[in-house]
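First up is the structure itself, then whatever we jot down about it.
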Number of protein chains: 2
Amino acid sequence: MLTDLQPSPTTGNAALLRVVESGPAGLVKARCPEFAGIRASVVRAGRDAVLVAQADPADYSFLVISGCLRTVRLMSDGRRQIGAFLFPGDFFGLEALNEHTFGMEAVGPAILRRYLRCSLEAYADRNMDFARRLRTMSAKRLRSEQARVLALGRMTASERIARFLLEMAHRTDASGPCIELPMSRADVADYLGLTTETVCRMLTQMQREAIIAINRSLIAIKDGDALAALAGE
Amino acid sequence: MLTDLQPSPTTGNAALLRVVESGPAGLVKARCPEFAGIRASVVRAGRDAVLVAQADPADYSFLVISGCLRTVRLMSDGRRQIGAFLFPGDFFGLEALNEHTFGMEAVGPAILRRYLRCSLEAYADRNMDFARRLRTMSAKRLRSEQARVLALGRMTASERIARFLLEMAHRTDASGPCIELPMSRADVADYLGLTTETVCRMLTQMQREAIIAINRSLIAIKDGDALAALAGE
DNA sequence: CGATCTGTTGATGCCTGTCAAGAGGGGTGG
DNA sequence: CCACCCCTCTTGACAGGCATCAACAGATCG
């Protein structure tokens, strides 16, 4: 059963792993020519590498090139909230003020570009198209945060999981109905305001109802309509 | 007991009520000279007036002049989430895309300025200081949404209430330790992802513990340290 | 091949939601 | 001006969903 869910050897993660040799928290920097006329450096991060710590001064913004990252906020007693999962093309820290309220960590091996925030600001001052792009991106981020407020405030565990699966299917440009979740169940739980156990239970329940099929980090959507119905709205 | 919590006759709401004569959903428009060089009209709204319906095309942005408003999102089965409470100086709809995902309603009598979004965009293109202000405002809104994600995802009912009281004390420039909540308990509940009953219970519990004193919409903070401790972080 | 980590499942408890009823105020109409 | 109605707020009893605690299986890695 589920033999069609084996991870393909062409995922590319193996290659990334080879690049990062300094271990779990390893960071390697290199020069990168430019992007939209702005200087940037390339950052490579290994699994669980902390690229930005919570309350760090917001000197830099990041653009994800490959891999997956999470933004994290920790409470003093250890409770954790994940603000967002970042995929290639996503930005982090564009709309920061003086300091980052969320940290950023690599879920798995990842590559990003790092920009000086003040240079982005300066470029936005000179280039009104770029300024518009910044506003549009902020609007999208805000919209997704508002969707999460609704989800965390008013939705049940199964609704949150269903929405999450649909979101992931949409964002990880999955050609087929099969999603590979790069993050752990604990990450999913902290993203959705649940516990690891509840995430597992909801997933297995959906599997029992033949809505999805699960094989570790691979999830196949068997009945998209039923999943959308669970997600509500 | 609590005679010091009587609402003062100088609240100003009485005057507002006199202005709005067209009833609960009344809207009156008038010309307003300008703001930052941008044409705007003045909108007066009575209690529970719907100024923007959910999924309305996002043609306009609003600046609150007086009163209090709420942004609302409704699910098909009636569950309601309040996105934010807006006070004088707050904007609504600046960072909208094609349509508003949240509606906007007046909590009580309110006055706002209404701007054409395209004219704000055009002004931002010409004026980089204004563009910067827009970015800063977006950043602040995003930050507050992120704080709510943390609250709704990982905080208990009492923590949410405590944070809410502190937030209100901070935003309604209360000179003393006494807050007047313009919104109903149901609004508070839908803002915090709780029920009316839970909000009441937490408030009375805090009153029993001599942290606050309650008289209808008036809340006096008796022990700010204890409240801050309850709020965590 | 053993240690460790992640994922899964089960038993139990608690926080908060649900349902219900009553109290108190404010507005309206007689 | 007063009585009535309605709405909001409050409190109680109970239930349910999710968290907590615990144990185990499987995978990964040294």
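Order of the sequence lines sets the chain letters (A, B, ...), proteins ahead of strands, with each chain counted from 1. Everything numeric here is computed off the predicted structure, so don't read it as measured data.
- Judged by a 6.0 Å distance limit and a 45° cone about the ring axis, B/Arg148 is positioned over the six-membered ring of B/Tyr191.
- Dashed line: the shortest gap from a side-chain N or O of A/Thr196 to OP1 or OP2 of C/dG7 is not under 4.0 Å.
- The side-chain tip of B/Arg114 points at the ring of B/Tyr60 from less than 6.0 angstrom away and within 45° of straight on.
- Rounded to a whole Å, the CG atom of B/Asn215 is 12 Å from the C1' atom of D/dC9.
- In this structure, CD1 of B/Ile214 is placed 15 Å from C1' of C/dG24, rounded to the nearest angstrom.
- Judged as a salt bridge (Lys or Arg N to Asp or Glu O under 4.0 Å), and not counting sequence neighbours, A/Arg143 has no contacts.
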Base contacts versus sugar-phosphate-only contacts with protein, heavy atoms under 4.0 Å: please encode nucleotides 10-22 of chain C as B, S and - from 5' to 3'.
BB----SSBB---
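- Nearest heavy-atom pair across B/Glu145 and A/Glu145 is CB-CB, 4.0 Å.
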One pair to check against side chain to side chain donor-acceptor pair (under 3.5 Å): A/Gln207 and A/Thr204. What are the steps and the verdict?
CA-CA 5 Å; A/Gln207 185 170 230; A/Thr204 54; over 6 Å; no
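- At whole-Å resolution of the value, CD in B/Gln205 and C1' in D/dT10 are 14 Å apart.
- Between B/Leu218 atom CG and D/dT8 atom C1' there is a gap of 15 Å when expressed in whole angstrom units.
- A/Arg80 is linked by a salt bridge (Lys or Arg N to Asp or Glu O under 4.0 Å) to A/Asp187, A/Asp190, counting only residues two or more places apart in sequence or in another chain.
- Going from atom CG of B/Asp190 over to atom P of D/dC9 covers 12 Å, rounded to whole Å.
- Of the possible donor and acceptor atoms, one in the side chain of A/Glu159 sits under 3.5 Å from a partner among the backbone N and O of A/Thr156.
- Ion pairing between a basic and an acidic side chain is recognised when a charged N comes within 4.0 Å of a carboxylate O; B/Arg163 and B/Glu167 show no such pairing.
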Report the C-alpha separation of A/Phe92 and A/Leu69 in whole Å, then their side-chain angles, then the decisive distance to 0.1 Å, and conclude whether the side chain to side chain contact (heavy atoms under 4.5 Å, CB included) test is met.
CA-CA 10 Å; A/Phe92 172 82; A/Leu69 300 106; over 6 Å; no
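- Residues satisfying the salt bridge (Lys or Arg N to Asp or Glu O under 4.0 Å) test with B/Asp77, not counting sequence neighbours, are B/Arg79.
- One can place CG of A/Leu203 at 10 Å from C1' of C/dG7, the figure rounded to the nearest angstrom.
- Rounded to whole Å, atom P of D/dG17 lies 19 Å from atom CG of A/Leu192.
- One can place CD1 of A/Ile161 at 14 Å from C1' of C/dT8, the figure rounded to the nearest angstrom.
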Between protein and nucleotides 27-29 of chain D, what N or O pairs are separated by less than 3.5 Å?
residue : atom : partner  : partner atom : Å
D/dA27  : O4'  : A/Arg216 : NH2          : 3.1

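- The end-to-end axis angle of the helix from C/dC1-D/dG30 to C/dG30-D/dC1, rounded to 10 degrees and based on five pairs per end, is 40°.
- For B/Phe91 and B/Phe62, the ring centers sit 6.0 Å or farther from each other.
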